[in-house]
Amino acid sequence: MSVRPVRGTVDLFPEEFRRHSRVIDAARGLANVYGYGEIQTPIFEFTEVFARTLGDVSDVVTKEMYTFEDRGGERITLRPENTAGVARAFISAKLQNDLPLKYFYAGPMFRYERPQKGRQRQFHQIGVELFGVPGPSGDVEVIALAAQILDQLEMLQHCVLNLNTLGDTESRQAYRTALVEYFSDYKARLSDDSVARLEKNPLRILDSKDQSDKEIVNRAPSFDGYLTASASEFFSAVREGLDDLGIAYELNPRLVRGLDYYCHTAFEFVTDALGAQGTVIGGGRYDGLIGMMGGPETPGVGWAGGIERLAMLAEQTLPKLELPSPIALIPIGGVAERALKKYAFSLRAKGIPTDIAFSGNLKRRMQRAGRMGAKVAVIVGDDELQAKKATLRDMDTGAQEEVMLDNLVERLVEL
RNA sequence: GUGCCCAUAGCUCAGUUGGUUAGAGCGCCUGGUUGUGGUCCAGGAGGUCGCCGGUUCAAAUCCGGUUGGGCACCCCA
């Protein structure tokens, strides 16, 4: 039997999981403040849910999905992202009369990718979806929520908000045609990757990091000239909204999305503190998605954030995580142990972190108390039991005092 | 999927042009203290050198493959 975890997966032991938790807790807390209730959709869906919506040219669908046939012969896929799942849930429950709707989620996602720092095959995302708000205030709200979460994690100042518009369908169609026309002239000088993108997703060429591609890209037609008046107006309103809130951003015309259902606003919070995988939160508007899935035409806007990446950044920005130091109960002998278990029970009922070791002599239990960072140890042996007292030891100073057992819980609550 | 780099004790690492029983620090265990941790002192356990094969009288060291990891590309969160 192989005892190692599957490539690209990790075990999150408590210390590491706490780093995740504080990211999730901050996000969930603020999402609730904004009125985004938490939703949990299944981690697997019928394959079409993703295949249909993510586009059949996206890398996620063509080479990164965990797809299998279950015992009933259904084509199943482990979710590579959660927007499609939440949209499907919205359609399944026929919630179109309850708009607008706001959802927050946190959970595992699965993509068959080559693992590296900030990229695993099972990874975790937080995210929000806002359904039924067609105007730019929806975009502004979800971006504001993201910014405030980052701010609460004290990493907003280490991130740059990149902002772009993908326009409406009409704009994108026109621009796409113009790009294909332009790049086709340079086909011989483009990188192989970009030549392939010319057919599949010419917008992506704009994002190429290839040196000679970049030169060609620099002289490529810009989107501005192809934006319809209404798309342009929409984008201005988003920028105005962000300005009003004092949320800084940088316009990045090269910011495009790999997933086909995006339109209008695209944004990413990016940091340079994590190496190559610097996008910490990314999202945008996806007005066509729900209709494309067979639901009633419903606008949507949202984002997802990588918990592992956020947790890594938080390591740099937040103070070290400290565990509450427990009270260590240290019995000597079976009679004392029975007595102290009852005290542990009532201390814990009051929410006071309490440790009582299951075995070991006094020395070993003291060691354990020290290792756990206990601030006080309660020692009870035959001597103390007879006198109905306990010995309290201050683990920092070594000072000891005696307390009547009757007052023990009361005294410990004070500390 | 592509390129480059890496793999020695639980952890972080050293190991000379290939040469006898592979080392250090931290951690762990025992004792000094049969009712006192964290400090100190003394001692101890722990490694088929990732795995498979090859070269050689001899391989942790050289070569090939493989698995895992890191970085970049790709892609994205």
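Quick note: numbers below take in every heavy atom, side chains included, and nothing from hydrogens, waters or symmetry partners. Chain letters run A, B, ... following the sequence lines, proteins first and then strands; every chain starts at 1.
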Engineer: Which nucleotide in the list B:C71, B:G37, B:C76 gets nearest to the side chain of A:M366?
Structural biologist: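 Of all the options, the side chain of A:M366 is nearest to B:G37.
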Engineer: Between A:D355 and A:R368 (salt bridge meaning N to carboxylate O under 4.0 Å), is one present in this structure?
Structural biologist: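 Counted as a salt bridge, because a side-chain N and a carboxylate O are separated by less than 4.0 Å.
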Engineer: Answer with base, sugar-phosphate or nothing: what part of the nucleic acid does A:I307 contact at a heavy-atom distance below 4.0 Å?
Structural biologist: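 Contact class for A:I307: none.
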Engineer: Does any nucleotide pair with B:U2 by Watson-Crick or G-U wobble geometry, both distances under 3.5 Å, and what is it?
Structural biologist: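 B:A72 - that is the nucleotide pairing with B:U2, both distances being under 3.5 Å.
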Engineer: Answer with base, sugar-phosphate or nothing: what part of the nucleic acid does A:L362 contact at a heavy-atom distance below 4.0 Å?
Structural biologist: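 Base contact - A:L362 has a heavy atom under 4.0 Å of at least one base atom.
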Engineer: Please work out if A:D396 contacts a base, only the sugar-phosphate, or nothing of the nucleic acid, heavy-atom cut-off 4.0 Å.
Structural biologist: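 Since a base atom lies under 4.0 Å of A:D396, the category is base.
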Engineer: Decide, yes or no, whether a salt bridge links A:E15 with A:R19 under the criterion of side-chain N to carboxylate O below 4.0 Å.
Structural biologist: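 Here A:E15 pairs with A:R19 in a salt bridge, since their nearest N and O are under 4.0 Å apart.
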Engineer: Nearest whole angstrom, please: distance from the C1' of B:G69 to the CZ of A:R7.
Structural biologist: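 My rounded result for the distance is 8 Å.
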Engineer: Remember a base hit wins even if backbone is also touched, and classify A:G118 as base, sugar-phosphate or nothing at under 4.0 Å, heavy atoms.
Structural biologist: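 Base contact.
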Engineer: Taking only Lys NZ, Arg NE, NH1 and NH2, and the carboxylate oxygens of Asp or Glu, determine whether A:R411 and A:E401 approach each other closer than 4.0 Å.
Structural biologist: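 Salt bridge between A:R411 and A:E401, a charged N being under 4.0 Å from a carboxylate O: yes.
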Engineer: Using a 4.0 Å heavy-atom cut-off across all strands, classify A:Q277 as base, sugar-phosphate, or nothing.
Structural biologist: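 If one applies the 4.0 Å heavy-atom cut-off, A:Q277 turns out to touch a base.
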Engineer: Look at all strands and tell whether A:Q367 reaches a base, only sugar-phosphate, or nothing, counting heavy atoms closer than 4.0 Å.
Structural biologist: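 If one applies the 4.0 Å heavy-atom cut-off, A:Q367 turns out to touch the sugar-phosphate alone, with no base involved.
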Engineer: Give none if B:U21 has no partner; otherwise give the nucleotide forming a Watson-Crick or G-U wobble pair with it, both distances under 3.5 Å.
Structural biologist: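 B:U21 is unpaired by these criteria.
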Engineer: Is it true that a side-chain atom of A:T9 and a backbone atom of A:R7 form a donor plus acceptor pair closer than 3.5 Å?
Structural biologist: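 A pair under 3.5 Å: no.
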Engineer: Could you check whether A:G275 gets within reach of a base, just the sugar-phosphate, or nothing at all, counting any heavy atom under 4.0 Å?
Structural biologist: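 Touches sugar-phosphate only.
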Engineer: Could you check which nucleotide pairs with B:U55 in any of the strands shown, counting Watson-Crick or G-U wobble with both distances under 3.5 Å?
Structural biologist: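 B:U55 is paired with nothing.
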Engineer: For A:Q116 and for A:F123, locate the closest nucleotide of RNA chain B by heavy-atom distance; then report the residue assigned to the nucleotide nearer the 5' terminus.
Structural biologist: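 Final value for this comparison: A:Q116.
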Engineer: Would you indicate what A:R365 reaches in the nucleic acid, counting non-hydrogen atoms under 4.0 angstrom: base, sugar-phosphate, or nothing?
Structural biologist: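 If one applies the 4.0 Å heavy-atom cut-off, A:R365 turns out to touch nothing in the nucleic acid.
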Engineer: Any donor-acceptor pair under 3.5 Å linking the side-chain atoms of A:T77 with those of A:E45?
Structural biologist: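 There is no such pair (donor and acceptor under 3.5 Å, judged by atom type) between the side chains of A:E45 and A:T77.
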Engineer: Please state whether the base of B:C29 and the side chain of A:R364 form at least one donor-acceptor pair under 3.5 Å?
Structural biologist: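 No.
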Engineer: Who does B:C29 pair with, Watson-Crick or G-U, both distances under 3.5 Å?
Structural biologist: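 Partner of B:C29: B:G43.
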Engineer: When the distance from CZ of A:F110 to C1' of B:C75 is rounded to whole Å, what number comes out?
Structural biologist: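 Whole-Å distance recorded here is 19 Å.
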Engineer: Heavy atoms only, 4.0 Å cut-off, all strands: where does A:A304 land among base, sugar-phosphate and nothing?
Structural biologist: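 If one applies the 4.0 Å heavy-atom cut-off, A:A304 turns out to touch the sugar-phosphate alone, with no base involved.
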Engineer: Between the base of B:U36 and the side chain of A:Q400, is there a donor and acceptor pair under 3.5 angstrom?
Structural biologist: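 Flag set: donor-acceptor pair detected.
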